Structures are given as structure tokens and as C-alpha cells.
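The sequence lines fix the lettering, A, B, ..., with proteins before strands; numbering per chain opens at 1. All figures in this text were calculated on a predicted structure; none of them were measured in a lab.
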Amino acid sequence: MAGRKRKLLPSAEDGGCSSECKPAERNMDHREQSHYFSFRGPQGRLGTEFFHQSCIHLAKAFLGKVLCRRCADGSELRGRIVETEAYLGGEDKASHSAGGKRTERNTAMFMKPGTIYVYPIYGIYLCMNVSSEGEGAAVLLRSLEPLKGQPTMRHLRTARRKEGARLLKDKELCNGPSKLCQALNIPRSFDRRDLASDPEVWLEGDPDSGSDSTQPQDIVCAPRVGIQSHGEWAEKPWRFYLRGHPCVSVVNKEAERLSLPGNVMKRWSQSEVQSDAGQLHIKQT
DNA sequence: GTAGGGATGGTCT
DNA sequence: GACCATCCCTACA
């Protein structure tokens, strides 16, 4: 099979990104602040107790939380989780651990809640899951809203793209499970690490919590993506995302109609997203 | 903007 | 040898 030539990601194996973080890019400037929301700073690392939830509860609880990545040079990359999928293991035939099947690859799914499961997909991409309560259960992280370190994320994502390709917009940096692994430089070697205690990757509370934390009615429940071959299990509404958020990878309008929003005080509307030289601005209603 | 098609190689049977 | 929890590019509306 004649393949297209692509540049390899230089530091994908070592877990560090010092070679990717140019000094000028490490300086915080206005471009590194989220244009979607105000970023109020860390709310503290989420510990082991947070991950002790059932898979579906944890998948919903992840929404709004901030995934943080400390690079080898000390700089930080941050993104708010806006889309997840629950894979329950056991009866869930779409799960890598269906039927309790345990292999070298999926061992992390059977480890303690909060364990990172990184696996390769389609040969060239990686996906990141976090184990939950339940035998073989894990939550797939599908999309993030970039909050900090967008220039570095863009550099990491561009490394695999064709030379001369157009500049990626902020909302395109992490809007997919493999894209977020690229943008945050999550390597395969992070597999089986503990998200509650690892020094290089961790989870923090929603920086916007307090006045406008994620409300249940903001969450859309939809069938999971890319598992059509698994029959009835493909229909289970175990994908969760923030309604109207521009960083969601796949919008399901039918599912949005079915999950009525009710009295949503804060929503994100595509029509109010304005593009400005690759950056996005969004007004909240 | 969206749909369609091709790429890619690890994992599992 | 087939499958695959994806991504990117191109063409077209």
C-alpha cells in the first residue's frame, strides 16, 4: 500500500516536549489564554477519590474538568474536557475489555480507577482513556477546549501535517481523541500511569466552577462514535458532550433534540462563534 | 461547510 | 489476514 509521507512526531516516545516548546512560545501572552472562557487558574489536583465512580458517572464528571500536562521544560499545557465516552467492559461489546477479556494492551483498564490507558489506533494514532470503577471499565477522552499553551499545541499538531497546510484554529487543536494526545504530547509510555499522582499529567477542577459550573442540562448524551460494527452496543447513549461547544468532535443533532435542554442559562452557540485570524471568540448567552 | 475516500500499522483471531 | 474507539486532504455545494 503506497502511503503518504508524513513527518514523525519528534518527541512522541519520550513523553517530554522540551524540544517542541520554543522559548518565545513559552512566554505567556494573550494568545495562550482561552478565547472561549475566562481562565481563572488551578482549582487543585483531583485525587484518587474522584475517580472512584461508575464509568458513566465518571464520564459525565470529567466534563468541564481540566487536563494538565507538564512538559520536560516545566511549561504547562491545559485543556478543558468537553467530550467523553464510557466503555463499561464486561457485556459492553464495543469495549476493548468486552467479556472480561484482558490482554497486554488493555491491562490498564483493569487497574485502579484513575489509571491512564493509552493505546494505538489505526497504526499511527493514540487514544487516551482513564479507568473507572467496574471491571475493565474506562472513559475515553475525546475532545478538549485548549486553555493554555495553544502555540505549543499547534506546533505539536502541525508536526504530522503536510507542509504548507493551513493554520489550525484553536478549536481544531484538540477536537478528537487522537488530536488531544498529539496536542498535549501524550505518548504511549503514559499507559498505566496514575492520573491522581503522576507528576507529568493530572486533572484539575473546573476553573470556572462557582458561578457557572457545568449543569446537567448542558450535557448531551449520544451514541458513541466509530463503533457501528458492534450492533446494539453502538446505540447506547454513552457519549457525553457539552451542548453547543465548538470543540466537540462530532455533533449529533438528533441526540440534542432528544436530550431537551430545559432552562439552560448558559449555552454555547455556534452562531456566536466568531473567527479572527485563526483564533476564536465566543459569547456566552 | 460537509461528504467521501485513502492512509496507516498495531492488535487480535 | 482482517479489523480498527481516527485523521487529513480534496472536491463540491
Side-chain angles (χ1 to χ4, degrees), chain A residues 1-9 12-13 55-56 58-59 62 81 83-90 92-109 116-132 136-144 153-154 156-169 171-184 186-189 191 221-241 246-253 269-271 273-275 280:
Chain A
M1 191 182 294
R4 274 183 294 184
K5 298 287 182 188
R6 287 192 186 281
K7 283 195 233 172
L8 295 174
L9 197 58
E13 295 304 315
C55 193
I56 289 175
L58 186 62
F62 270 141
I81 298 169
E83 183 183 358
T84 61
E85 284 180 0
Y87 287 86
L88 277 57
D92 182 4
K93 290 194 166 47
S95 174
H96 286 178
S97 55
K101 180 183 62 183
R102 186 171 180 164
T103 64
E104 176 65 20
R105 180 180 66 160
N106 72 8
T107 295
M109 299 181 84
I116 298 170
Y117 170 40
V118 180
Y119 69 91
I121 183 72
Y122 298 107
I124 49 176
Y125 301 112
L126 295 174
C127 292
M128 176 180 173
N129 295 246
V130 181
S131 69
S132 70
V139 176
L140 170 69
L141 304 185
R142 284 194 60 90
S143 301
L144 305 179
M153 292 180 187
R154 185 169 288 109
L156 288 163
R157 290 268 287 112
T158 303
R160 295 192 68 137
R161 304 179 76 231
K162 219 161 109 175
E163 280 183 46
R166 66 174 175 79
L167 192 69
L168 290 169
K169 297 173 182 174
K171 72 170 184 177
E172 296 171 321
L173 294 174
C174 309
N175 64 335
S178 297
K179 293 176 183 178
L180 77 84
C181 285
Q182 288 176 16
L184 265 67
I186 304 292
R188 183 84 197 272
S189 61
D191 185 48
C221 308
R224 295 170 290 183
V225 172
I227 55 168
Q228 293 81 356
S229 62
H230 292 90
E232 62 175 301
W233 293 95
E235 304 302 319
K236 304 289 184 188
W238 292 340
R239 182 165 70 99
F240 307 100
Y241 65 85
C247 297
V248 170
S249 64
V250 181
V251 170
N252 186 324
K253 290 176 182 172
S269 167
Q270 290 282 13
S271 64
V273 176
Q274 300 168 345
S275 179
L280 279 163

key: Interface residues of residues 94-102 of chain A with DNA chain C (non-hydrogen, below 4.0 angstrom)   = A/A94, A/H96

All N/O pairs under 3.5 Å across the protein-nucleotides 10-13 of chain C interface:
{"residue": "C/dT10", "atom": "OP1", "partner": "A/K162", "partner atom": "NZ", "Å": "2.8"}

key: Under 3.5 Å donor-acceptor pair, A/Y122 side-chain atoms to B/dA7 base atoms   = no

request  = Using side-chain contact (heavy atoms from CB on, under 4.5 Å) as the criterion, list what pairs up with A/A183, not counting sequence neighbours.
outcome  = A/M153, A/R157, A/C174

ask   = Is A/R142 near enough to C/dT6 that one of its side-chain N or O atoms lies under 4.0 angstrom from OP1 or OP2?
value = yes

ask   = Is the backbone of A/V118 close enough, under 3.5 Å, to the side chain of A/D191 for a donor and an acceptor to pair up by distance?
value = yes

key: Whole-Å gap separating C1' (C/dT6) and CD (A/E172)   = 15 Å

query = Rounded to the Å, how far apart are A/L173 CG and C/dC8 C1'?
reply = 15 Å

inquiry  = In this structure, how many angstroms lie between the P atom of C/dT6 and the CZ atom of A/R161, rounded?
reply    = 18 Å

key: Main-chain N/O of A/G176 paired with A/S249 side-chain donor or acceptor, under 3.5 Å   = no

ask   = Rounding to a whole Å, what distance do you find between A/R166:CZ and C/dC8:P?
value = 9 Å

key: Nucleotide B/dT2, atom C1' - distance to NZ of A/K253 in whole Å   = 10 Å

request  = Please identify each residue that fulfils side-chain contact (heavy atoms from CB on, under 4.5 Å) with A/A137, with sequence neighbours left out.
outcome  = A/C55, A/S132

message = From C-beta outward on A/I124, which listed nucleotide comes closest to its side chain: B/dG9, C/dA5, C/dC8?
response = B/dG9

task = Give the nucleotide from the list C/dC8, B/dG1, C/dT6 with an atom nearest to the side chain of A/K179.
result = C/dC8

query = C/dC8 C1' sits how many Å from A/K169 NZ, rounded?
reply = 16 Å

Listed partners of A/F62 passing ring-ring contact (aromatic ring centres under 6.0 Å, His included), at least two apart = A/F50

key: Separation of C/dC9 P from A/L167 CG (nearest whole Å)   = 13 Å

remark   = Taken in chain and number order and not counting sequence neighbours, the residues that satisfy side-chain contact (heavy atoms from CB on, under 4.5 Å) with A/P223 are A/N252

note = By side-chain hydrogen bond (donor to acceptor under 3.5 Å, both in side chains), A/N129 pairs with (sequence neighbours left out) none

inquiry  = Over all strands shown, is A/R105 touching base, sugar-phosphate only, or nothing at heavy-atom distances under 4.0 angstrom?
reply    = sugar-phosphate

message = Can a donor-acceptor pair be found, under 3.5 Å and without considering hydrogens, that links the side chain of A/N106 to the backbone of A/H96?
response = yes

key: Partners meeting salt bridge (Lys or Arg N to Asp or Glu O under 4.0 Å) with A/E232 (sequence neighbours left out)   = none

key: Nearest to side-chain heavy atoms of A/R188, which nucleotide of C/dC7, C/dT6, B/dT11   = B/dT11

task = State whether A/R157 places a side-chain N or O below 4.0 Å from either non-bridging phosphate oxygen (OP1 or OP2) of C/dC8.
result = yes

key: A/I227 CD1 to C/dT6 C1', straight-line distance once rounded to whole Å   = 14 Å

ask   = To the side chain of A/P120, which of B/dG10, C/dT6, C/dC8 is closest?
value = B/dG10

key: Helical stems, DNA chain B - three or more consecutive Watson-Crick or G-U wobble pairs below 3.5 Å   = B:1-7 with C:6-12, B:9-12 with C:1-4

Rounded distance [0.5 Å steps], CD1 in A/I227 versus CD in A/E85 = 6.5 Å

query = What residues, two or more places apart in sequence or in another chain, satisfy side-chain hydrogen bond (donor to acceptor under 3.5 Å, both in side chains) together with A/S97?
reply = A/S95

ask   = With sequence neighbours left out, what residues match A/S143 under side-chain hydrogen bond (donor to acceptor under 3.5 Å, both in side chains)?
value = A/E83

query = What does A/S249 touch in the nucleic acid at a heavy-atom separation under 4.0 angstrom: a base, only the sugar-phosphate, or nothing?
reply = nothing

